[in-house]
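The structure appears below as structure tokens.
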Amino acid sequence: QVHLSESGGGLVQAGGSLSLSCAASGRTFSRLGMGWFRQAPGREREFVAGIKSSDGGTNYADSVKGRFTISRDNAKNTVYLQMNSLKPEDTAVYYCAARKSDYLGYEYWGQGTQVTVSS
């Protein structure tokens with residue numbers, strides 16, 4: 001019912017920046033809570049950042065706080081992840097996610113986009 005499509009992944013040097021985008025369709029975007037997750041080889045999927053539908057409030061994993069910024073443009077049905085001061089440990093497949101309530105778990109997922117940070 002909700003279709004998500006990530007873009008913007010690529011290769012970047014440590015200390016550099018990269019911006020990811022996720023376009024959503026199939027639902028009233030403004031009513032969806034949105035988030036970003038990532039999964040590195042051999043590791044479990046981990047939460048990166050989230051933005052609520054109710055008030056636009058954001059939250060971040062401690063590992064990215066101060067470096068990453070999540071934002072949304074409801075007019076464009078798009079959520080963004082601006083990543084600055086990238087580190088090699090940020091290397092992972094990044095997934096866009098959506099939920100119908102800020103109080104429920106994420107239930108819709110994109111296919112992922114690879115982010116590789118070299119030293």
Side-chain angles (χ1 to χ4, degrees):
Q1 191 171 4
V2 175
H3 303 279
L4 305 174
S5 181
E6 305 97 331
S7 62
L11 175 65
V12 64
Q13 294 186 175
S17 299
L18 202 61
S19 182
L20 306 182
S21 299
C22 174
S25 63
R27 284 267 184 170
T28 302
F29 180 77
S30 62
R31 297 180 180 177
L32 293 173
M34 303 298 298
W36 289 95
F37 292 75
R38 67 186 182 187
Q39 185 169 14
R43 297 184 179 182
E44 297 297 319
R45 180 190 64 186
E46 65 174 342
F47 171 80
V48 175
I51 185 165
K52 295 191 293 185
S53 63
S54 55
D55 59 3
T58 60
N59 63 299
Y60 300 89
D62 288 341
S63 59
V64 307
K65 192 171 298 181
R67 299 188 298 119
F68 290 11
T69 302
I70 186 172
S71 61
R72 65 191 297 160
D73 187 337
N74 289 340
K76 296 181 178 180
N77 288 4
T78 302
V79 64
Y80 306 92
L81 184 67
Q82 178 64 47
M83 304 183 292
N84 299 325
S85 301
L86 283 162
K87 305 174 181 179
E89 50 263 44
D90 294 320
T91 296
V93 176
Y94 283 71
Y95 296 92
C96 178
R99 55 186 178 178
K100 291 181 287 189
S101 171
D102 295 332
Y103 304 98
L104 300 177
Y106 292 93
E107 57 190 305
Y108 306 106
W109 301 87
Q111 294 182 339
T113 185
Q114 177 71 47
V115 172
T116 303
V117 183
S118 63
S119 60

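Residues take their numbers from the sequence shown, with the count starting at 1.
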Spacing of [X] atom [atom1] and [Y] atom [atom2] [to the nearest 0.5 Å]:
| X | Y | atom1 | atom2 | answer |
| --- | --- | --- | --- | --- |
| Ser25 | His3 | OG | NE2 | 5.5 Å |
| Ser85 | Asp90 | OG | CG | 9.5 Å |
| Asn77 | Cys22 | CG | SG | 10.5 Å |
| Lys52 | Asn59 | NZ | CG | 8.0 Å |

Within the 4.5 Å heavy-atom criterion, are [X] and [Y] side-chain neighbours or not?
| X | Y | answer |
| --- | --- | --- |
| Val79 | Trp36 | yes |
| Leu4 | Gln111 | no |
| Arg45 | Trp109 | yes |
| Arg72 | Phe29 | yes |
| Phe68 | Leu18 | no |
| Met83 | Val115 | yes |
| Glu46 | Arg38 | yes |

Given the rule that I, L, V, M, F, W and Y join up when any side-chain heavy atoms are under 4.5 Å apart, are [X] and [Y] in one cluster?
| X | Y | answer |
| --- | --- | --- |
| Tyr108 | Leu20 | yes |
| Tyr94 | Tyr106 | no |
| Leu81 | Val93 | no |
| Ile70 | Val2 | yes |

Quick check: closest heavy atoms across [X] and [Y], and the distance to 0.1 Å?
| X | Y | value |
| --- | --- | --- |
| Thr91 | Val117 | OG1-N, 2.9 Å |
| Ala92 | Ala40 | CB-N, 3.8 Å |
| Thr78 | Ser21 | CG2-CB, 4.2 Å |
| Ala14 | Ser119 | CB-CA, 4.2 Å |
| Leu32 | Ala98 | CD1-CB, 4.4 Å |
| Ser17 | Asn84 | OG-OD1, 2.9 Å |

- Parallel under 30°, tilted from 30 to 60°, perpendicular over 60°: which one fits the rings of Phe37 and Phe47? perpendicular
- Query: So does Gln114 have more than 12 non-hydrogen atoms from other groups sitting under 6.0 Å from CD?
  - Reply: yes
- Task: Report yes or no: does Glu6 contribute a side-chain atom to a donor-acceptor pair with the main-chain N or O of Gly112 at less than 3.5 Å?
- Result: yes
- Query: Can you check whether Thr69's main-chain N or O pairs, donor with acceptor, with Gln82's side chain at less than 3.5 Å?
  - Reply: no
- Note on the structure: Residue pairs passing the salt bridge (Lys or Arg N to Asp or Glu O under 4.0 Å) test with at least one member in residues 99-109, sequence neighbours excluded, are Lys100-Glu107
- Task: Would you sort out whether Lys65 and Asp62 count as a salt bridge (charged side-chain N to carboxylate O under 4.0 Å, His left out), showing the intermediate values?
- Result: CA-CA 5 Å; Lys65 192 171 298 181; Asp62 288 341; 3.5 Å; yes
